[in-house]
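Everything on this sheet refers to the single structure shown next.
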Amino acid sequence: MRRGDIYSHREDPKFVVRVGEVKDGVVSFASEGGGRVHEAPAEKFGADFEVETPDARAKRLTYEKGAVTLESWGYDYQLPAWLNGSYWNGWLMPAFEKQDLLDALAKNMLYGAFFHEEGDAFIVLESGGEEMPSFDPVVLLPRILAEAGETDLHEVDVDGVTLEATIYRGRDIFRTDGTQVRVYDLGSGYYTWESATPVADPGSSPTP
């Protein structure tokens, strides 16, 4: 048992933790995605958890179609998503297909989010509490992508207001039959995504 080792709970394999330190017979650990640090005697930790094997990890990280929601939505809106057992501070880290995000945008569910077709990226703009200035997305979005280069975070001044832009570029995940699904990780690792009622999908689940 070493720092950084990944373990899963014997009774709940989806409960995955990363070992932080082993000292004087005590194991400190936290959820793999981060969060509160816990401690347990090494003997009890070993009884409750087992090392996650490469095969188990590959199975856990296989994408499955589901749906997510947000507390700010009142849990009334469900956004179809691909989920693969990855967490950030205990929150889901979903990936979304373009049309599902565009549908959410059309319903004003994703404030500050825009899609740039040519750049194949969703861009979320925040004004740091100030009133959002008026701008032409056709002009501003390509400017942000050009200035940001390969980075995913960029600040841009619009009429004296500094906007923080987070860029979510398209990437491919693969179904078990080898076909690709283009997805965007909008809000992953930032929004507090929660699981919603799964959405039926006839296709095979893609793998990372």
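The shortest heavy-atom contact between Leu83 and Pro94 is CD2-CB, 3.5 Å. In plain terms, the two heavy atoms of Gln78 and Ala196 that are nearest each other are CG-CB, 3.7 Å. For the pair Pro80 and Lys65, the tightest heavy-atom approach, listed with the atom from each and the gap, is CB-CE, 4.1 Å. Shortest non-hydrogen contact noted between Tyr63 and Ala95 is CE2-CB, 4.4 Å. Pairing each heavy atom of Gly4 with each of Arg18, the nearest pair is O-NH1, 3.3 Å. Gly119 and His116 make their closest contact through N-ND1, 2.8 Å (heavy atoms, listed as atom of the first residue, atom of the second, distance).
Two residues are said to be in side-chain contact when any heavy atoms from C-beta on lie closer than 4.5 Å; Met132 and Leu163 meet this criterion. Pro137 places none of its side-chain heavy atoms less than 4.5 Å from the side chain of Ile123. Two residues are said to be in side-chain contact when any heavy atoms from C-beta on lie closer than 4.5 Å; Glu194 and Trp91 meet this criterion. A heavy-atom distance below 4.5 Å is found between the side chains of Ile6 and Val16. Side-chain atoms of Leu79 and Met109, non-hydrogen and from C-beta on, never get closer than 4.5 Å to each other.
Cluster annotation: Phe15 is not connected to Leu92 through the hydrophobic network of ILVMFWY side chains, with a link wherever side-chain heavy atoms come within less than 4.5 Å. If you chain together hydrophobic residues whose side chains sit under 4.5 Å apart, Val156 and Ile167 fall into the same group. When the side chains of ILVMFWY residues are joined at heavy-atom separations under 4.5 Å, either directly or via intervening members, Met1 and Val26 end up in two distinct hydrophobic clusters. Under the 4.5 Å side-chain heavy-atom criterion for Ile, Leu, Val, Met, Phe, Trp and Tyr, Tyr111 and Val158 are members of the same hydrophobic cluster.
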Show the atom names and distances, to 0.1 Å, of all donor-acceptor pairs under 3.5 Å that link a side chain in residues 34-46 to residues at least two apart or in another chain.
| residue | atom | partner | partner atom | Å |
| --- | --- | --- | --- | --- |
| Lys44 | NZ | Asp48 | OD2 | 3.0 |

Would you give me the side-chain donor-acceptor pairs under 3.5 Å for residues 186-193, sequence neighbours excluded?
| residue | atom | partner | partner atom | Å |
| --- | --- | --- | --- | --- |
| Tyr190 | OH | Glu126 | OE1 | 3.2 |
| Tyr190 | OH | Glu126 | OE2 | 3.2 |
| Trp193 | NE1 | Leu186 | O | 3.3 |

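Salt-bridge formation is detected for the pair Arg169/Asp152: a Lys NZ or Arg NE/NH1/NH2 atom is positioned less than 4.0 Å from an Asp or Glu carboxylate oxygen.
Aromatic rings of Phe49 and Phe29 (six-membered ring for Trp) have centroids within the 6.0 Å cut-off, being under it.
Distance check: Trp82 CH2 to Glu97 CD gives 6.0 Å after rounding to the nearest 0.5 Å. Rounding to the nearest 0.5 angstrom, the gap separating the OG1 atom in Thr62 from the CG atom in Asn84 is 8.0 Å. Taking CG of Asp76 as the reference point, atom CG of Leu70 lies at 12.0 Å (rounded to 0.5 Å). Rounding to the nearest 0.5 Å places CD of Glu155 at 11.5 Å from CD of Glu147. From Leu105, atom CG reaches atom CG of Asp100 across 11.0 Å, with rounding to the nearest 0.5 Å. One finds the CG atom of Leu125 at 8.5 Å from the OG1 atom of Thr166 (value rounded to the nearest 0.5 Å).
Formation of a donor-acceptor pair under 3.5 Å by the Thr69 side chain with backbone atoms of Tyr77 is found in this model. Looking at Arg3, its side chain does come within 3.5 Å of a backbone N or O of Gly20 through a donor-acceptor pair.
No more than 12 heavy atoms of other residues, nucleotides or ligands lie within 6.0 Å of CD in Glu131, so this atom counts as exposed by the packing criterion.
Side-chain N/O atoms of Asp55 and Thr53 include no donor and acceptor closer than 3.5 Å.
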Inset, instruction - Quick one: do Arg171 and Val183 satisfy side-chain contact (heavy atoms from CB on, under 4.5 Å)? Show the steps, please. - result: CA-CA 6 Å; Arg171 66 182 180 91; Val183 297; 3.8 Å; yes
Legend entry - CA sep, side-chain torsions, deciding dist, call: Glu118, Leu141, side-chain contact (heavy atoms from CB on, under 4.5 Å): CA-CA 10 Å; Glu118 187 175 330; Leu141 299 187; over 6 Å; no
Legend entry - Tyr87 and Met93: CA distance, side-chain angles, deciding distance, side-chain contact (heavy atoms from CB on, under 4.5 Å) verdict: CA-CA 5 Å; Tyr87 291 86; Met93 298 182 68; 5.5 Å; no
Legend entry - Worked verdict on Leu101 versus Lys98 for side-chain contact (heavy atoms from CB on, under 4.5 Å): CA-CA 5 Å; Leu101 290 174; Lys98 181 174 72 173; 5.9 Å; no
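Under the ring-ring contact (aromatic ring centres under 6.0 Å, His included) criterion, the residue pairs touching residues 123-163 are Phe114-Phe135, with sequence neighbours excluded.
A ring-ring contact (aromatic ring centres under 6.0 Å, His included) with Phe122 is found for exactly one of Tyr168, Phe96, Phe115, namely Phe115.
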